[in-house]
2 protein chains.
Amino acid sequence: MATIGDVAREAGVSRSTASYALSGKRPISDEVRRRVLAAAEALAYTPNAGARALATAQTKVLGLLAQFHEDEFAPAMMQYILGVTNTARDLGYDTLLVTEADGVRALRRVTDSRMVDGVVLLNIAQDDARLPILRAAPQPGALVGLPGDCSGLDVFDLDFEEAGRVMVDHLHRLGHRELILVSQPEHVVERGGAYVWRLRDAALERARQRGVTLHAVYGESRQPAVGRLLNGLLDAYPAATGLLVNNEAAAAALPSVTYARGLRVPEDLSVIGRYSAEFAATFSLPYSHIESAPDRLGAMAVRQLVRRVESEAARAEPFVVRFLSPELVSLGSTAPPLPR
Amino acid sequence: MATIGDVAREAGVSRSTASYALSGKRPISDEVRRRVLAAAEALAYTPNAGARALATAQTKVLGLLAQFHEDEFAPAMMQYILGVTNTARDLGYDTLLVTEADGVRALRRVTDSRMVDGVVLLNIAQDDARLPILRAAPQPGALVGLPGDCSGLDVFDLDFEEAGRVMVDHLHRLGHRELILVSQPEHVVERGGAYVWRLRDAALERARQRGVTLHAVYGESRQPAVGRLLNGLLDAYPAATGLLVNNEAAAAALPSVTYARGLRVPEDLSVIGRYSAEFAATFSLPYSHIESAPDRLGAMAVRQLVRRVESEAARAEPFVVRFLSPELVSLGSTAPPLPR
DNA sequence: CTGAAAGCGCTTACAG
DNA sequence: CTGAAAGCGCTTACAG
């Protein structure tokens, strides 16, 4: 591989001149610049990333830490990752994807070794053990997901509380008075997934205000357990006319369940989910849903992160906690309840 | 951050001694080693990755290039990616995930700049434009997926031809004489996805040998098109008693279709899919299927890649093309056809 | 067993 | 406008 020394020799200039001609960081005569660019072109010169990182203290790489817990719903994760990698690339950064189980160790490794200029964390737990490490790291960090303590980091998440209220209000307005809410499995909550109870508690509160009965239960993340659970719920609450689903696996399993029971949606049962458009399209889900916008959240986190990475001034700004307003995408799976 | 110079000073030795004590690459007296390790510990010393890469010409990072084409089935990709990242980490490597649309450009960037020690390519096309770049690169490369020309690279893929034969044989043995095969959409084939016709052609050939009628059609990758397609097929071939599904989206949409038509599986229709166990569990798919083993394929590719990266001798070995034998996971979705 | 020095390939003050 | 030199933080022959 050609080095900057090769380019300089080929162009008949010093290495520093070659470097400046390529970077444009100081004025260079047209003639010399032309020769340097031609030499670089001819030798297919590409700067060595390690050498540049060492000299500039910038790697142009962002770390992306994702946790894949046993028994969690992996497919939805892909959209968050793509939101991050694609936005990073647009801004001139590559992405180091770290998926190992020990997130604390992983985070320490990539920050201490200076492999990355900044870090995005996915799957934030309420009391996430990675956060103290990230706060202490020299690189800035951004979270997709709301932890208990947001200090020292930029945080981006869907407004799950508003999502819960929107779901309840929508069905209440249509005339529903008894609803079921299926959340993620209990172990997701135990692990610290605050979004589960943020949505649930807000939905319960709003239901109380509106005089709506809301049965809120934990779900399952896999078949056949999730199918059994849905059947059990529909058996247990025969008067319920609306179903809220804050659980991708349950949403994916629901069509089979309703077909098997001969339930028509929305005539017999109104349904509102919470997932991404991508997810809905891929898995044939015909339900109106709160768009979870994983790509947008990933993109927002990266943009803010890169701002802090690249600007001293930005790094001094106060940290932000930004909630994306939930948007209800209507696919016609809700209607007024049938008179009984 | 502490440098090796800080550690050396703290331990009262030279930088080279500190380096050797840490790496163990030459004998060091117990006393000195103890002091160095203590100093490194006390200063929380972690080597600077860029500096090490520059000195050793090894980054301990692998590149993973994935292509996400418009209208393709993204969720299945996650398992391949996890297979790669987790195996890489086990072997001491981090993973740079590159997802930009222009794969040629991306590959050139990461190899020319020496950001990675080796590269794994996903979504291999029959005539993949990235392959010439990878062959010419100084780093070794491994493919998950079979291209037209395997020269100069290690290749790993499911044996899709054998998969087609296993599917046909299994149903033939049960007494089926008319089958439908739903493949990926035509544009996946046009883009170069050879595995589609590898499975199909082998299935057609085997069906011919066995005297089985096989209707092979392209599928769709999204709803509602895929649901319509499945209904259309079942209408068009009412005498078919078995369905082979080499298309994740079609498999995911099938339960709704069979329920809606009042078809029982396997009594009225035997079904065999081709996807991963992870996929089956997540999406409630009750069908016997050929396990596509994305995690195993990713792991195989990484192991071979790292062998070549780390050993001169391994780099001189002939390139391999390794096919994973398809395994039929029986979930009871096939049975002898009902007498008509 | 240990140290002083060179070198990896860049960038960027410092001089002119 | 251009060049010679220092330095980023490591590793590893070269000497002793």
Spacing of [X] atom [atom1] relative to [N] atom [atom2], expressed in whole Å:
X: A/Tyr45; N: C/dG9; atom1: OH; atom2: C1'; result: 7 Å
X: A/Leu54; N: D/dT11; atom1: CG; atom2: P; result: 12 Å
X: B/Arg114; N: C/dC10; atom1: CZ; atom2: P; result: 10 Å
X: B/Glu31; N: C/dT2; atom1: CD; atom2: P; result: 9 Å

Handout entry: Identified pairing partner of D/dA13, criterion: Watson-Crick or G-U wobble below 3.5 Å
Key = none
Exercise for the section: For the pair B/Arg307 and B/Asp154, evaluate salt bridge (Lys or Arg N to Asp or Glu O under 4.0 Å) and give the outcome as yes or no after the intermediate values. Expected result: CA-CA 11 Å; B/Arg307 260 174 45 76; B/Asp154 293 312; over 6 Å; no
Exercise for the section: Under 4.0 Å between any heavy atoms, over every strand shown, what does B/Ser29 touch: base, sugar-phosphate, or nothing? Just pick one. Expected result: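 Here B/Ser29 touches the backbone only, sparing every base.
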Exercise for the section: Determine the contact category for A/Ser19: base if any of its heavy atoms lies under 4.0 Å from a base atom, sugar-phosphate if only primed atoms, P, OP1 or OP2 are that close, otherwise nothing. Expected result: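 Base contact - A/Ser19 has a heavy atom under 4.0 Å of at least one base atom.
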Fill in the blank from the handout: By nearest-nucleotide position on DNA chain D, the 5'-leaning member of A/Ile28 and B/Thr46 is A/Ile28
Exercise for the section: Provide the closest heavy-atom pair for A/Arg315 versus A/Val309 in the form atom of the first, atom of the second, distance. Expected result: NH2-O, 3.1 Å
Fill in the blank from the handout: For A/Pro140 and A/Asp117, the nearest pair of non-hydrogen atoms, with its separation, is CD-O, 3.4 Å
Exercise for the section: State whether the distance check finds a donor on one side and an acceptor on the other, under 3.5 Å, for side chain B/Ser16 versus base C/dA5. Expected result: no
Exercise for the section: Please determine if a side-chain N or O atom of A/Thr17 lies less than 4.0 Å away from the OP1 or OP2 oxygen of D/dT2. Expected result: no
